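Below is one structure, written out as structure tokens; comments come after it.
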Amino acid sequence: MLDREFIVSNRELVEKSATAKKCKVNFEHLFKVINRRKELINSLNSLREEKNKNSSQVSKTRKDGGDISPLLEKGKEISNKIKEEEEELKRIEEEEFNLLKWIPNILDEEVPSGENSNFKIVKEFGKFEEKKLSYFEIIKSDEGIDFKRGAKISGSHFPLYLGKAAYLERVLVNFMLDLHIVKHNYKEIFPPFLVNYDSLFSTGQLPKLEEDMYRLKDDDLFLIPTAEVPVTNIFRDEILNENELPKKFVAYSACFRREAGSYGKDTKGLKRLHQFNKVELVRFTKPEESKKAHLEMLEEAQRVLVLLGLSYRVILLPDFDTSFSSSKTYDIEVWAEGSKEFLEVSSVSNFLDFQARRGKIRYKSREGKNLFIHKKKFIFSPNFCFFNYRMCKKKF
RNA sequence: GGAGAGGUGGCCGAGUGGUCGAAGGCGGCGGAUUGCUAAUCCGUUGUAGUGGUAAUACCGCUACCCCGGGUUCAAAUCCCGGCCUCUCCGCCA
């Protein structure tokens, strides 16, 4: 979420970003609501002042043996007026919140505009060879992934890993965790896989992506689409000390996505799964360290691929592909030799203070001011490493 | 699932209708004292909104004692609903 005052004073930038991300926002109406809210708050403040004064007058007058009945009358009047205005303020604030929550994060100035170009290739690493065998054939054995039985047990897009495939998945997860814990100094987190509405709201999945989420209706909980959600919410509604920052977390979790509306797209094999494993990194930093931290994470993410001996490229996503909450996103795409294509294994995003504001994640600066934390994350999906011929061959 | 207890400031803990943003203690900060450390003494110490204003300085006002409603001129305090925590019993892993 963006700050009310920020939107007012940076209207052009905010509108431009919203348009690029194809989010429709009625800014005219929003500004009217913002102004009315201010009016009401000012009016209520003075009414309450009057109320408080009148009330203490009652006890004084009574002590002195005076007649309090006119004061009681007056108090009642003021209270009624307050009630009226409070009701309007509540409506206005709800309306304002409903408008604000649909405004996407602002885009970094470096993000390419989708009108002329698509993504921008930032880096290419390794050789992009082609092999005849597709990943799909390699993993279809009794030491591979059994999609049929996975579908029987749960439904399509729930893969069942057998033998060496299960082993490979597990060691990849461990490898990524260990690398970031030991070499990059992240703290390991093992989070809950079910979360509540507020947690998903603060990371921005809700309300926009509600139909993509698995929901447990009886308990009003959601299966996490990524470990980003519980990890980001560790400090929701908290105020940290400046010297506690930066916070660096790495978490493995299974991820659950309904992938509603994506039927027909990438329906085969390991793409677009309903359940998959992922190692997620999250950093909370001060605003002034935000950009640097983001680039550091981009390096850390690439290290995984370099150590695994995989070829990849790094791209900077264009505006229309940058997610609702993100300001700037790099994707790392591994080269899949069998299917001869680039596949997204990692996504490194800078959210600035967008999620922090939604979740009220703050820190106290030395000057005593509470500031919203900047957050960035990157993800790494081990299952996509299966796509690479060399990796599969090595392990099978 | 059944029964009970409880949620107050950074922490502990008092407070059952007005003078309570809230006693007291601890911690933090500033200072005094001090061979060092410790101890002692004095002062200070929440957050947000809004107005005065150029101000993250200062002053005023408002809100906040888990959350949301209600009663009342007046609510931390009374009433209703919710959430959370703890203890005991049962059940399952």
Side-chain angles (χ1 to χ4, degrees), chain A residues 1-9 30-98 100 190-202 206 215-222 230 233-245 247 254 286-288 353 356-374:
Chain A
M1 212 147 71
L2 297 172
D3 178 52
R4 179 190 295 122
E5 295 305 317
F6 179 86
I7 295 171
V8 171
S9 47
L30 175 67
F31 288 121
K32 265 184 210 155
V33 169
I34 287 174
N35 287 335
R36 180 63 186 149
R37 176 181 168 274
K38 205 162 207 174
E39 274 173 29
L40 283 169
I41 284 176
N42 282 335
S43 161
L44 270 170
N45 273 352
S46 36
L47 278 173
R48 284 176 180 146
E49 185 179 356
E50 222 181 307
K51 179 189 94 167
N52 291 343
K53 279 184 179 153
N54 186 65
S55 285
S56 48
Q57 202 60 41
V58 171
S59 65
K60 252 184 235 153
T61 309
R62 200 178 45 189
K63 218 173 256 172
D64 300 342
D67 180 16
I68 56 168
S69 57
L71 291 171
L72 297 189
E73 263 314 301
K74 191 181 168 200
K76 198 153 203 157
E77 248 169 63
I78 300 169
S79 280
N80 285 338
K81 185 95 179 82
I82 287 175
K83 209 171 224 173
E84 269 172 42
E85 295 207 353
E86 273 177 345
E87 272 163 23
E88 190 187 346
L89 180 64
K90 205 176 156 186
R91 277 201 309 277
I92 285 285
E93 285 192 324
E94 244 168 60
E95 203 170 341
E96 185 198 68
F97 180 72
N98 281 328
L100 287 178
F190 188 68
F193 289 6
L194 296 175
V195 296
N196 56 30
Y197 187 97
D198 289 347
S199 293
L200 282 159
F201 179 81
S202 72
L206 293 177
R215 179 175 206 161
L216 301 167
K217 287 211 171 68
D218 289 343
D219 300 284
D220 214 12
L221 291 168
F222 298 81
N233 278 278
I234 291 174
F235 301 119
R236 171 153 52 84
D237 292 321
E238 291 190 31
I239 299 171
L240 304 174
N241 285 320
E242 184 170 8
N243 58 20
E244 290 179 80
L245 294 172
K247 293 270 188 192
K286 293 188 262 182
E288 59 267 31
D353 55 1
R357 185 168 298 104
R358 280 167 97 92
K360 294 194 179 70
I361 307 165
R362 287 164 290 173
Y363 75 96
K364 206 186 185 78
S365 73
R366 244 171 239 121
E367 300 85 52
K369 193 84 183 151
N370 288 327
L371 300 166
F372 289 98
I373 286 170
H374 281 221

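The shown structure was predicted, so the numbers you read here are calculated from the model rather than taken from an experiment. Reminder, nothing fancy here: chain letters follow the sequence lines and each chain counts from 1. The figures that follow rest on heavy atoms only: side chains count, while hydrogens, waters and symmetry mates do not.
- For the C1' atoms, the distance from B/rU19 to B/rU77 is 16 Å, rounded to whole Å.
- Taking the side chain of A/Asn52 as heavy atoms from C-beta on, and the options B/rU62, B/rG18, B/rC73, the nearest nucleotide is B/rU62.
- For A/Glu49, whose side chain is taken as the heavy atoms from C-beta onward, the closest listed nucleotide among B/rG51, B/rU62, B/rC73 is B/rU62.
- The partner of B/rG24 is B/rC12, by the rule that a Watson-Crick or G-U pair needs both atom distances under 3.5 Å.
- In this model, the phosphate group of B/rC73 is approached by a side-chain N or O of A/Lys76 to a distance below 4.0 Å at OP1 or OP2.
- Electrostatic pairing of A/Glu88 and A/Arg36 counts as a salt bridge here, judged by a charged N lying under 4.0 Å from a carboxylate O.
- Sorted by residue number, the members of residues 79-90 of chain A with any non-hydrogen atom under 4.0 Å from RNA chain B read A/Ser79, A/Lys83, A/Lys90.
- A donor-acceptor pair shorter than 3.5 Å can be found between the side chains of A/Asn196 and A/Ser199.
- For B/rU56, there is no paired base (Watson-Crick or G-U wobble, both distances below 3.5 Å).
- Taking CD1 of A/Ile7 as the start and CD1 of A/Ile34 as the end, the distance is 6.0 Å to the nearest 0.5 Å.
- As rounded to the nearest Å, B/rA48 and B/rC65 have C1' atoms that lie 16 Å from one another.
- Ion pairing between a basic and an acidic side chain is recognised when a charged N comes within 4.0 Å of a carboxylate O; A/Lys81 and A/Glu85 show such pairing.
- Of the nucleotides present, B/rC29 is the one that pairs with B/rG43 by Watson-Crick or G-U wobble criteria, both distances under 3.5 Å.
- Here the nucleotide nearest the side chain of A/Lys63, chosen from B/rU19, B/rU62, B/rG18, is B/rU19.
- Between A/Arg48 and A/Val58, it is A/Arg48 whose nearest contact on RNA chain B lies nearer the 5' terminus.
- A salt bridge links A/Lys53 with A/Glu49: the closest approach of a Lys/Arg side-chain nitrogen to an acidic carboxylate oxygen falls below 4.0 angstrom.
- Counting heavy-atom neighbours within 6.0 Å of A/Glu86 CD, excluding the residue itself, gives a total above 12.
- B/rC89 and B/rG21 have their C1' atoms separated by 42 Å, with the value rounded to a whole Å.
- Distance noted for atom P between B/rG43 and B/rA23: 15 Å (whole Å).
- A distance of about 15 Å separates the C1' atoms of B/rC78 and B/rG15, rounded to the whole Å.
- Taking the side chain of A/Asn42 as heavy atoms from C-beta on, and the options B/rG18, B/rA63, B/rG51, the nearest nucleotide is B/rG51.
- Shortest non-hydrogen contact noted between A/Asn54 and A/Lys74 is OD1-CD, 3.8 Å.
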